[in-house]
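Worksheet for the structure shown next.
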Amino acid sequence: MSVLVIIPAAGSGSRFGGEIPKQFLPLAGKPLLLHSVERFFLDERVDQVIVAVAEALLANTKQTERARFVAGGATRQQSVLRALEAAGDGFELVAVHDAVRPFFATGTFHALLDAAHESGAAIPALPVNDTIHITRGDIIEATPDRALLAAAQTPQVFRYDILREALERAVADGIEGTDEAALATRYGHTVRVLPGDPMNFKITHAADMERAEKIMAEATA
Ligand code: C5P
């Protein structure tokens with residue numbers, strides 16, 4: 001099976017309050033984004049990695065046959081669709097991965113590829129330990145059964161045709177999903193959920209970066 005990996009990294013937002021988007025902040029001496037790019041690049045099951053970056057950064061990138069950079073769009077979803085369009089339809093499976101999750105497990109990724117090959121789509125997720133309330137302002141409106149909730153991670157893997165259809169229909173319908181699995185589900189596709197990994201956390205706040213630096217230091221000690 002031929003595998004494409006898309007990494008949306010065209011966002012400009014930074015919850016760190018700084019000028020540099022978090023995916024370009026240094027982790028163990030190199031930009032956070034590069035940790036994931038290199039992991040996928042070295043994976044023998046991956047045929048191509050496409051990273052969506054802000055248009056202004058394209059001139060600073062080096063294109064190779066297996067690692068390409070394209071200009072992202074106005075939203076994460078549009079950035080993923082642009083990368084998908086740039087790739088063409090020669091791939092059976094597409095994995096979409098957050099640039100800010102450098103610690104995904106290769107074993108989990110490979111299990112997701114196999115599950116998506118078999119069922120069409122698969123994502124890693126963790127059980128939810130906190131009680132999650134649906135709120136309006138500072139008032140609780142409802143409380144979903146925690147046993148039914150799953151906290152989604154990436155990489156999320158889809159058959160090419162399923163992801164493309166879901167993204168194109170979302171654009172046509174004016175829907176903005178927070179992950180690709182939500183869109184695939186919305187348009188009637190079955191998305192399997194495999195066990196995620198607490199180590200595969202999303203670097204969101206400054207404290208997450210400190211945790212990531214500690215993990216890297218321990219790994220090289
Ligand atoms: O801002 P948020 O956490 O939702 O962004 C999720 C991911 O999508 C980030 O890696 C960000 O760089 C990417 N993104 C993108 N194109 C945009 C906006 C966000 O590739 N226009």
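Quick caveat, the model's predicted, so the values are computed rather than measured. In each ligand, atom 1 is the first atom listed, and ligand 1 is the first ligand listed.
Annotation for ligand 1: atoms under 4.0 Å from non-hydrogen atoms of Ser79 are 15 (C), 16 (N), 17 (C), 20 (O), 21 (N).
Residue-level proximity to ligand 1 for Gln23 is carried by the side chain, the only part with a heavy atom below 4.0 angstrom. Heavy atoms of Pro21 found under 4.0 angstrom from ligand 1: none, in either backbone or side chain.
Between Val3 and Leu113 there is a side-chain heavy-atom pair separated by less than 4.5 Å. Proximity of Arg66 to Val49: side-chain heavy atoms (C-beta onward) are nowhere separated by under 4.5 Å. No side-chain heavy atom of Leu183 sits less than 4.5 Å from a side-chain heavy atom of His189.
Heavy atoms of Thr75 come nearer than 4.0 angstrom to ligand 1 in at least one pair. Contact between Gly72 and ligand 1 is absent, with no heavy atom of the residue lying under 4.0 Å from the ligand.
Looking at Ser36, Gly73, Ala10 and measuring to atom 20 (O) of ligand 1, the nearest heavy atom belongs to Ala10.
Checked against the 6.0 Å centroid criterion, the rings of Phe158 and Phe91 do not qualify as a close aromatic pair.
In this structure a side-chain-to-backbone donor-acceptor pair under 3.5 Å is missing from Asp43 to Thr106.
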